[in-house]
Participant: 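This is the structure I have questions about; it appears just below.
Below, chain A is the first sequence line, B the second, and so on; all start at residue 1. We use all heavy atoms of the structure for the numbers below, so side chains are in, but hydrogens, waters and symmetry mates are not.
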Amino acid sequence: MTELFETGDINARSAYIEKSFSRLNEMQKSAVTATEGPLLILAGAGTGKTTVLINRIAMLLLCGGAGMRVEPWQIIAITFTNKAAGELKTRLEALLGASAAGIWAHTFHSACVRILRRDADRLGYGKNFTIYDAEDSRSAVKKILKSTDTDETVFPPKSVLSEISRAKDSFLPAAEYLERAEQTGDIRKIRTGEIYKEYSELLKEANAMDFDDLIMNAVKLLAEHEDLREYYRNKFKYVLVDEYQDTNKLQYLLACELAGGHGNICVVGDDDQSIYKFRGAVVENILNFENEFKNARVIKLEQNYRSTGKILDAANAVIGNNTSRKGKTLWTKQDPGDKIVLYTAGDENEEARFIAAKIKDAAASGGNWRDNAVLYRMNAQSNRIEYAFKQSGIPYRIIGGTRFFDRAEIKDMLSYLSVLQTPSDDLRLLRIINTPARGIGRATIEAAAEIAEERGLSLFETVKNAGEYPELKRCAEKLSRFTEMIEKLAESAKILPLDELYDELIEKTGYIAALDEKGSEENKAKAENVRELKSSMIARKIGAGDDSLAGFLDEVALYTDTDNYDRDADCAVMMTIHSAKGLEFDTVFIAGAEEGVFPGLRAVGEKDEMEEERRLCYVAMTRAMRRLFITSAERRTLFGLTTANRLSRFVEEIPDEHIEKPLLLSAKKQIYEFSPKISDKAFVRRPARSEQKKEILVFDTGDRVIHKAFGKGTIVSMTPMGGDSLIEIEFDEAGKKRLMLRAAGENMIRE
DNA sequence: CGCACCACAATTTTT
DNA sequence: TTGTGGTGCG
């Protein structure tokens, strides 16, 4: 294909462009063909952003840029998620074949790792540095707090870490941060600065970098070393950044450094989908792009290929209430489609059952489970929905929560592997030195740590020569047995393929054996996970053709669970709105549309926060292709507290012609207050809409039920009472009980 | 040394 | 309400 460039035949080339880009709309075409200079592509949700990116790269490779041939290795495309980077790579390979392999398609973090692996020694790190994840960082801070007798309640590790993170984002190293803190005289800041300094030293000694360090050090490397800066600037003629609205200051700096030579920077993003301010994302990066880069072109993609008209109009209306935005209006050639449906339930349980019932209905008429997604603001909301799904037999998956690679047993194994590479990593060593138990107790470890501290040695070195220290004499044999094992394994690491090394590791450490010893269900699952890790290694060997320990650890360190979201599994999906960004579903449920939940309590009265919540709402709505349900509850119990929340303002912002509200809240309330004798059924739990599956949603006199605590029984009577119902149940075993339905319903199902 | 119990906190989390 | 992490006891 590259011959096309060689021939220089303009007609042939434009014929190719014509053919290959015929599926693109006009705006997409101009976004693809404007290869030179700074370009901002404002791509609304579902406007074919990835397609544009792919075609743009293909265009560069096939037709060159500015009359010059472009090589794959001259292009770098940076994304945020591994998934996005992987998708880019896969699609490019499909389009361009082997030549795609040379393109740098990376996440910010993995691109930085690649840069740092090459030259980290210039910053005083070993090239085989370890990557610390959030948990590692946390234990590092905790360790420092403990060793300096700092009260954790006064300096919570979490806030210390976010302060450190913010400092790094501002490109402020510990020494400078501390200096500035001292100037202000703010004792708290000074203390934080001291912790920051110790934290940096601890990581440096362990030859480790945290997530922020990866970016900061890459920027530092380029900023401080002209030869490297020139190397990358010359190398990368074309820099592309995806999800630009989510970049933080450091990432912006990195992009600038890389694109500083040729000035061909193309950023793609949507200011309306900026939802990571709390992680340091700076919307201004995208809002000010035209000021930062002179002669920047801006192309808006507004034609949406995902959703029906009403969904888009509703989303446009909601986001239109934000002021800090460039302004876009999504449109589609598709039909207007159905109205959005609002359902206000009595409480979160009924809300969950409504969602479950709707999904069952859809499945009954031939739909796939996987076409349904339930999105919520907080993970805490997922519980009731999960319960309802279980009750209705809906197969489901929850995205988020504990990641596979965050499980204790997996982190143990990874720590072993990491220590083989970097024995001086005290933090990781501490994790495994007595896991599984090998009789190295707390006292021994503390003594060793003290010696190490005094002599400026790593823990591993100290423990290795335990015989030399009287304090460790008693345990010396156990300790050296441990270090010998590690050293032997480290030798094996040099010669064995990764998966075989792993077998040996399991064998020598006796990890699985120790789990099997107390063969509880939990331990069986853990052992299974430990074995499962091996398949990740093999998969990597086959997939990426990489069999190196270092490569595996890198990938795993930068891995997240959303990467592993399997769209083929036929399950309904539940996740937070944040996790849903970039995904699409036929039917979407947005649960918890209440003031105080969504928008969250903290955003009420805060303009910027509220705008971010509104963007979140926009993201949620634009996930839906065909059907969108928004649900709320009149009363919601969250963290043990029951509150009555008003309907979310975002729902009120949707024009009436696009949303179906079954019954006005006030009207509903009147029914409750003035006609409590509508029936002796538990009207509290009855759905407002007649099409509900009553048998799931209400209990009635005479029903057979199973109660969590009292077992099987029959409902004898039900009396409406104060917005709830008093029910009497004759239990087979436990006798007659009087219960309030709202409470009992939680623990009770139909037999 | 391991387990059990209690206190405590709780938006969101691409890496 | 739920999960997690730290402490103290057996």
Participant: Using a heavy-atom distance cut-off of less than 4.0 Å, which residues of residues 137-144 of chain A contact DNA chain C?
Facilitator: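 Output list: A:R138, A:K142.
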
Participant: Side-chain atoms of residues 435-443 of chain A: list all donor-acceptor pairs with protein atoms under 3.5 Å, sequence neighbours left out, distances to 0.1 Å.
Facilitator:
unit_1	atom_1	unit_2	atom_2	d
A:T435	OG1	A:R431	O	2.9
A:R438	NH1	A:Y416	OH	3.4
A:R438	NH1	A:I432	O	2.8
A:R438	NH1	A:I433	O	2.8
A:R438	NH2	A:Y416	OH	2.7

Participant: Using a strict threshold of under 4.0 Å (side-chain N to carboxylate O), is an ion pair present between A:R166 and A:E163?
Facilitator: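 Between A:R166 and A:E163 there is a salt bridge, with a charged N closer than 4.0 Å to a carboxylate O.
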
Participant: Give one of base, sugar-phosphate or nothing for A:F108, where a contact means two heavy atoms less than 4.0 Å apart.
Facilitator: nothing

Participant: Considering only atom C1', compute the distance from B:dT14 to C:dG3 and round it to an integer number of Å.
Facilitator: 24 Å

Participant: I want to check one thing: is the phosphate of B:dT13, taken as OP1 and OP2, less than 4.0 Å away from some side-chain N or O of A:T576?
Facilitator: yes

Participant: Produce the list of close N/O pairs, under 3.5 Å, pairing protein atoms with atoms of nucleotides 7-10 of chain C; give distances to one decimal.
Facilitator:
none

Participant: Could you say whether the aromatic ring of A:F278 and the base of B:dT12 stack, counting only centre distances under 5.5 Å and plane angles under 30°?
Facilitator: yes

Participant: Charged N to carboxylate O below 4.0 Å: is that the case for A:E351 and A:R636?
Facilitator: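 Answer for the salt bridge query: yes.
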
Participant: Of all the nucleotides listed (C:dT2, B:dT13, B:dT14), which has the minimum atom distance to the side chain of A:H578?
Facilitator: B:dT13

Participant: Base, sugar-phosphate, or nothing for A:L250, non-hydrogen atoms under 4.0 angstrom?
Facilitator: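 Answer is nothing: A:L250 stays at 4.0 Å or more from every strand.
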
Participant: Could you walk me through whether A:N523 and A:D516 pass the side chain to side chain contact (heavy atoms under 4.5 Å, CB included) check?
Facilitator: CA-CA 7 Å; A:N523 280 3; A:D516 285 344; over 6 Å; no

Participant: Is B:dT11 syn or anti, taking syn as a glycosidic angle within 90° of 0?
Facilitator: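 B:dT11: syn.
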
Participant: Relative to each other, are the rings of A:F278 and A:Y276 parallel, tilted or perpendicular (30° and 60° limits)?
Facilitator: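 Judged by the thresholds at 30° and 60°, the geometry between A:F278 and A:Y276 is tilted.
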
Participant: Tabulated below should be each protein N or O lying under 3.5 Å from an N or O of nucleotides 7-11 of chain B; please produce it.
Facilitator:
unit_1	atom_1	unit_2	atom_2	d
B:dT11	OP1	A:R602	NH1	3.1
B:dT11	OP1	A:R602	NH2	2.4

Participant: Go nucleotide by nucleotide along DNA chain B from the 5' end; which of A:I440 and A:K581 gets its closest nucleotide reached first?
Facilitator: A:I440

Participant: Indicate every side-chain donor-acceptor pair of residues 41-53 of chain A with a distance under 3.5 Å to a residue at least two apart or in another chain.
Facilitator:
unit_1	atom_1	unit_2	atom_2	d
A:T47	OG1	A:G44	N	3.3
A:T47	OG1	A:G44	O	2.6
A:K49	NZ	A:D242	OD1	3.4
A:K49	NZ	A:E243	OE2	3.3
A:T51	OG1	A:R91	NH2	3.4

Participant: Give me the distances for all protein-to-nucleotides 2-5 of chain B N/O pairs that come in under 3.5 Å?
Facilitator:
unit_1	atom_1	unit_2	atom_2	d
B:dC3	OP1	A:K518	NZ	2.0

